[in-house]
There are 2 protein chains.
Amino acid sequence: MATIKDVAKLAGVAVSTASYALNNSTRISAATKQRVEEAARTLNYKKNGIASDLKRTKTNTIALILSDLSGPYYSELIKGVQDVTMANGYDLIACSSIGGPQSTAVKFLREKRVDGAIILAHNISDQITIESAQEDFPLIVLDRDISNKYVYHVEVDNEHGGYLATEYLIEKGLRNIAYIGGPQDSNDNKKRLKGYMEALKNHNLTAYSNLNSIGNFTREGGYKATKLLIARGELPEGIFYGNDEMAIGGLQAFRDHQIKVPEEISVIGFDDIQLSEYVSPPLTTIKQPKYEAGALAVDLIFQLIEGKQINQKYTLSTELVVRESVRK
Amino acid sequence: MATIKDVAKLAGVAVSTASYALNNSTRISAATKQRVEEAARTLNYKKNGIASDLKRTKTNTIALILSDLSGPYYSELIKGVQDVTMANGYDLIACSSIGGPQSTAVKFLREKRVDGAIILAHNISDQITIESAQEDFPLIVLDRDISNKYVYHVEVDNEHGGYLATEYLIEKGLRNIAYIGGPQDSNDNKKRLKGYMEALKNHNLTAYSNLNSIGNFTREGGYKATKLLIARGELPEGIFYGNDEMAIGGLQAFRDHQIKVPEEISVIGFDDIQLSEYVSPPLTTIKQPKYEAGALAVDLIFQLIEGKQINQKYTLSTELVVRESVRK
DNA sequence: GTGAAAGCGCTAACAG
DNA sequence: CTGTTAGCGCTTTCAC
């Protein structure tokens, strides 16, 4: 592997000159620049980015921490992150937090290999997040509340979204409404549940039964939870699933049992993932402003890098998307 | 930012001792280790991974180069990559090649920031790939043929897949079969087209018309190409779309024109993406062994890292998945 | 316009 | 078991 030293030697210049030439400094004469470039080419020289980063104590890259690179996740959100990162001339890498403390994500968080990070991974513990946060290491979390001086927070108004979903079902005349929730430790889940409870309360209704944390936010979980509900023998009139994945699993369970949606039971989800438009019946759901959330998150990172003062927390609003899975 | 020097000083030991202690070397006494860890904690010390990598001239991470982090891409393939990478104790990062030569992907490829890379991004040019390939920098490409000593190749048998798709339509009694293709420069597209031509030839049929490179592998492209076909006024009996995304766009176009699939026209795709199962009608398609391809690609990287000799090219086979979009 | 040299933070060979 | 030290490859200050 040729280094800059080799290039300098071959070109007959000092290392510093070679460095300047390769980095397009104006102080180098055209002739020298050419000689250096020529030498680099013949040696097939590749700059060692790591050495460069070390020297400059800056990587020019942002990490996006995802719980699983193979998805499913919010592609719109990533697009937002990607667009704004690029617009600022920074690099973006995505890494997964599978494997917990041994994961790539934690390594990148802990070892200052990037200039900032956005966390969208429920399986990164609050503790690790807080430990990693530093004055010069901007950290934005998207899926939880953390109170720490150096951790900033962009959230979607999950509580209001949960309220909207539930209220829509109530508006349609449904009275007996269940909530099938995600993981107990999920902040999103808690907020959505809270919105649900609030809406019921405002309409003098009571919660259907305790399925708050049974669905695990997965399609499989939604399927099983719904099966359980069906097995109990007393279906509610409507179900608010904590996310679309679970709702889609639920739809599958109803299909298995020839229970018609929305004729016999109404279903509403949360997220508005891409699939929701394509399932049968198309899923009525609560849409999150995902692109905006991603874009805002990176934008905040850059503001922090520039030393600006920003709020600790930003909240974006949700919106009802009416399709076919709720009785009209 | 505290460095290992600060930790050593506070703990009253030499830097090397601190380093050994922090890296769990057995040669350090328990007492010392504890003192060092204590010091690290109070100083909130974070190892600088970049310095460490530089010293060790090894990053312990593999890059997966994608054309766009926000997808759509093959989640199964990524899972394969992810699983095998983790199993080998390596880290995995994903980066996008959006932005061409300025992209993060190219930077990582060029600047030896990772120990190896898997390329699944049509917008990375062959030239860049070849330039980046080195004896000590394993590079696996998944979506193209490149002949270079240091570039290895895992491919799916696209040609045979194209053949299978076309033959299935022929088997069902269809004679007039169109191919709606992806980008002209896509190797996958070329191969699928070739399989299509081959099947037609073997059955003494002729190609329908020239739509080979009109669809761009996007849903939008498939939609537009299909609209064009409909506008021409003489529909074929069956269409083989170069990928599922385009086929789904096509389905949409037929729906817009109240043309029934598969009663009036048969549609077959390629890839077997997740959505294909959920569209209406569910899409008959050619399934790629995506997980295996991803897993194999990383496995090859590790073999190369270990200095083993491997083949230049590996080909995996495809399979027909029968659903509802082809007349039976 | 070019060169010498310091040093980013860490690891690991070597000496003790 | 612990310390001294060289150096990974690069950028950048300072001197010429």
Side-chain angles (χ1 to χ4, degrees), chain A residues 1-40 43-61 107-108 110-115 134 136-137, chain B residues 1-40 43-61 107-108 110-115 134 136-137:
Chain A
M1 213 43 224
T3 72
I4 199 169
K5 255 188 184 161
D6 304 317
V7 175
K9 196 185 293 172
L10 181 61
V13 298
V15 193
S16 57
T17 306
S19 173
Y20 285 131
L22 261 10
N23 291 300
N24 301 314
S25 165
T26 50
R27 37 199 297 192
I28 301 293
S29 72
T32 308
K33 187 166 154 62
Q34 196 143 7
R35 263 213 330 288
V36 173
E37 280 168 349
E38 178 69 32
L43 292 174
N44 193 17
Y45 166 74
K46 304 261 174 286
K47 114 142 81 169
N48 183 324
I50 296 178
S52 165
D53 284 352
L54 174 61
K55 180 63 195 178
R56 299 183 314 134
T57 56
K58 183 165 176 358
T59 63
N60 224 258
T61 110
K107 176 171 159 185
F108 273 72
R110 281 230 171 103
E111 302 186 356
K112 248 201 133 304
R113 287 162 185 282
V114 285
D115 293 346
Q134 304 256 323
D136 59 346
F137 188 53
Chain B
M1 213 46 223
T3 74
I4 199 169
K5 255 188 184 161
D6 304 317
V7 174
K9 196 186 292 174
L10 182 61
V13 298
V15 213
S16 57
T17 307
S19 174
Y20 286 129
L22 261 9
N23 289 302
N24 302 314
S25 165
T26 49
R27 41 201 292 193
I28 300 293
S29 71
T32 309
K33 187 167 154 62
Q34 194 143 8
R35 262 212 333 288
V36 173
E37 280 168 350
E38 177 70 31
L43 291 174
N44 193 19
Y45 166 73
K46 305 261 173 287
K47 116 142 77 167
N48 183 324
I50 295 179
S52 166
D53 284 353
L54 175 60
K55 177 65 195 176
R56 300 183 313 130
T57 57
K58 183 166 176 357
T59 63
N60 223 255
T61 109
K107 176 171 159 186
F108 272 72
R110 283 230 172 103
E111 301 185 357
K112 250 201 131 307
R113 288 164 182 281
V114 286
D115 294 346
Q134 304 255 325
D136 58 346
F137 188 53

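FYI, side chains are in, hydrogens and waters are out, and symmetry mates aren't considered; it's all heavy atoms of this structure. Just so we're on the same page: letters track the sequence lines, and every chain starts at 1.
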Exercise for the section: Pick base, sugar-phosphate or nothing for A/Leu54, based on heavy-atom distances below 4.0 Å to the nucleic acid. Expected result: base
Completion exercise
Correct closest heavy-atom pair for B/Glu37 and B/Leu22 would be CG-CD1, 4.4 Å
Exercise for the section: Quick one: label A/Arg27 by what it contacts on the DNA or RNA (base, sugar-phosphate, nothing), any heavy atom closer than 4.0 Å. Expected result: base
Practice task
Would you classify A/Asp53 as touching base, sugar-phosphate or nothing, given that sugar-phosphate means primed atoms plus P, OP1 and OP2, and contacts are heavy atoms under 4.0 Å?
Solution key: nothing
Practice task
Using a heavy-atom cut-off of under 4.0 Å over every strand shown, decide if B/Ser16 touches base, sugar-phosphate, or nothing.
Solution key: base
Handout entry: Under-4.0 Å side-chain N/O to phosphate OP1/OP2 contact, A/Ser19 with D/dT11
Key = yes
Handout entry: A/Asp115 versus A/Thr59, side-chain donor and acceptor atoms under 3.5 Å
Key = yes
Handout entry: Length of the line joining A/Ile4:CD1 and C/dA5:C1', which is rounded to integer Å
Key = 15 Å
Exercise for the section: Tell me what A/Ser29 touches on the nucleic acid: a base, only sugar-phosphate, or nothing, going by heavy atoms under 4.0 Å. Expected result: sugar-phosphate
Handout entry: Contact under 4.0 Å: A/Tyr45 side-chain N or O vs D/dC10 OP1/OP2
Key = yes
Problem - d(CZ, B/Arg56; C1', C/dG9) in whole Å - result: 13 Å
Practice task
Quick one: closest heavy-atom pair of A/Lys112 and A/Asp136, and the distance?
Solution key: CE-OD2, 3.7 Å
